[in-house]
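All remarks here apply to the structure that follows.
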Protein chains: 2
Amino acid sequence: MSRHFFIAPAASASTRWADAFPGARVLASAVQVPALQQADTVWLSSAVPDWQPRLARLAAGPAAPPVVVLALQPSQHEALLALDGGARGYCHALSAPALLREVAVVVHHGGLWIGPELMGRVLGAFRRAAPAPAAAPDLDLLSPREQEVARAVASGHSNKEIARLLGITERTVKAHLGTAFEKLGVRDRLQLALRIGG
Amino acid sequence: MSRHFFIAPAASASTRWADAFPGARVLASAVQVPALQQADTVWLSSAVPDWQPRLARLAAGPAAPPVVVLALQPSQHEALLALDGGARGYCHALSAPALLREVAVVVHHGGLWIGPELMGRVLGAFRRAAPAPAAAPDLDLLSPREQEVARAVASGHSNKEIARLLGITERTVKAHLGTAFEKLGVRDRLQLALRIGG
DNA sequence: TCCGGCCTTGTCCATCGGTCCAATTTTCTC
DNA sequence: GAGAAAATTGGACCGATGGACAAGGCCGGA
């Protein structure tokens with residue numbers, strides 16, 4: 001039995017939600033229900049005046065339920081506010097029941113639901129905040145072949161796998177690793193992976 | 001009948017995917033298969049050298065299948081590249097089969113799957129302590145003692161050192177590691193370190 | 001009280017990983 | 001061309017690692 005809670009102003013068009021999720025509970029915006037913490041999904045209308053602090057309270061805590069913000073007039077600005085506030089989804093309040101059920105499945109399984117047009121904007125915003133990391137200087141200490149082997153090790157491969165990947169003998173892999181250990185001052189493959197991977 | 005395609009280098013750990021999706025097809029990185037356009041989900045390893053142009057080709061078109069990029073060493077930078085390239089998900093290549101199935105459900109229903117670390121960035125840095133609930137946080141799968149051992153391994157310590165550190169027998173360290181490997185679905189200490197981070 | 005998970009340790013054994021001895025070939029620089 | 005560095009492989013040795021099989025004590029929930 002799935003537990004869905006809708007939080008919306010009194011006169012809202014909650015019939016869509018009732019169609020999509022039979023047995024769901026529709027709450028007046030003023031109500032404070034502790035049971036919300038055990039909900040499968042909380043649908044919060046942005047028509048509720050204090051939806052942002054409500055969202056913050058709902059999304060806090062280790063076992064917080066996924067919250068989807070519903071908007072009668074969706075905007076990218078509001079969508080960013082919702083996602084930044086901890087919402088797991090943002091979609092039109094008048095979406096078809098079938099779509100709402102899709103959204104429920106997604107957020108219930110740990111996914112994030114945002115409109116396709118919003119995705120581009122979100123990615124653009126965060127690419128600016130996450131520049132490409134500089135090349136690790138550690139790797140420059142190694143010869144080209146040693147770098148290949150070292151990267152393969154840092155990817156979790158065994159000597160046998162690396163040998164097959166590079167088309168060389170396992171013995172040769174060991175040789176490259178040995179010199180790589182010495183150059184980087186580590187004692188085994190794990191420490192090497194931590195050096196060039198972290 | 002779900003159709004899953006995995007594209008990965010020859011010697012990759014594709015057994016995980018086979019566990020998660022019986023009947024799925026594992027493709028060598030060099031193969032070009034038109035049937036990919038009809039796939040339910042395409043899993044693309046970022047260990048494939050030309051994964052970005054491949055992703056672009058896969059994600060293009062009106063009826064493109066959802067593409068999930070798998071990374072042995074997930075980074076926010078690479079995640080952004082993947083999502084910006086049209087990927088619908090980005091997660092660790094060594095994720096447990098159960099988690100991979102969750103990802104499949106999400107993307108198949110139109111959702112977006114991003115790792116807990118990237119989610120934290122999206123949702124704001126100050127609330128990073130309380131990330132998404134469904135984001136199975138690797139370490140939480142382990143018992144307290146197993147976590148201690150796992151963290152020590154991820155710090156580059158040997159079994160003997162860990163035994164001395166924790167005041168237990170080396171045999172016990174092996175026991176904890178064995179169960180940790182099983183719970184996280186990795187095969188050795190290096191992959192465990194890569195999973196939980198250095 | 002019984003069951004299950006957790007922590008602990010034991011033995012045995014196959015495999016892996018790292019190091020020592022050594023060698024040949026290629027490639028680049030002086 | 002001489003020399004140096006890199007890349008390659010061989011063999012052997014031995015410690016580290018991980019799995020298989022077994023078992024005892026502790027503790028909390030059904």
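For clarity, every value in this text was computed on a predicted model and none was experimentally measured.
Here CH2 of A:W113 is found 13.0 Å from CG of A:L83. Values are rounded to the nearest 0.5 Å.
Salt bridge present: A:E148 and A:R145 bring a charged side-chain N and a carboxylate O closer than 4.0 Å. Using a cutoff of 4.0 Å between basic side-chain nitrogens and carboxylate oxygens, A:E161 and A:R164 are not scored as salt-bridged.
Rounded to an integer number of Å, the gap from CD1 of A:I162 to P of D:dT8 is 13 Å. Distance, B:R187 CZ to D:dG19 C1': 15 Å, rounded to whole Å. The separation between A:E182 atom CD and C:dT19 atom C1' is 11 Å, rounded to whole Å. For A:H176 and D:dA5, the NE2 to P distance is 17 Å, given to the nearest whole Å. The CD atom of A:Q191 sits 11 Å away from the P atom of D:dT17 (whole-angstrom rounding). Between the P atom of D:dA16 and the CG atom of B:L190 lies a distance of 17 Å, rounded to the nearest Å. The separation between B:I168 atom CD1 and C:dT9 atom P is 6 Å, rounded to whole Å. Between the P atom of C:dT9 and the CG atom of B:L166 lies a distance of 10 Å, rounded to the nearest Å.
Between C:dT11 and B:R171, no contact under 4.0 Å exists linking OP1 or OP2 to a side-chain N or O. Checking the phosphate oxygens (OP1, OP2) of C:dG5, no side-chain nitrogen or oxygen of B:S143 falls inside 4.0 Å. For A:N159, no side-chain nitrogen or oxygen approaches OP1 or OP2 of C:dC16 to under 4.0 Å. Remark: B:T169 is not in phosphate contact with C:dT8, judged by side-chain N or O atoms under 4.0 Å from OP1 or OP2. Phosphate contact (OP1/OP2 of D:dT8, side-chain N/O of A:R145, threshold under 4.0 Å): present.
In the set D:dA7, D:dG19, C:dC7, the nucleotide with an atom closest to the side chain of B:E146 is C:dC7. The B:S158 side chain lies nearest to D:dT17 when the options are D:dG18, D:dT17, C:dT8.
A:N159 pairs in a side-chain hydrogen bond (donor to acceptor under 3.5 Å, both in side chains) with only one of the listed residues (A:R189, A:E170, A:K174), which is A:R189.
Nearer to the 5' terminus of DNA chain C, by closest-nucleotide assignment, is the contact made by B:P144 (compared with the other of A:K174 and B:P144). The nearest heavy atom of DNA chain C to B:E170 and to B:L142 marks one nucleotide each, and the one closer to the 5' end goes with B:L142.
A side-chain N or O of B:E146 and one of B:S143 form a donor-acceptor pair less than 3.5 Å apart.
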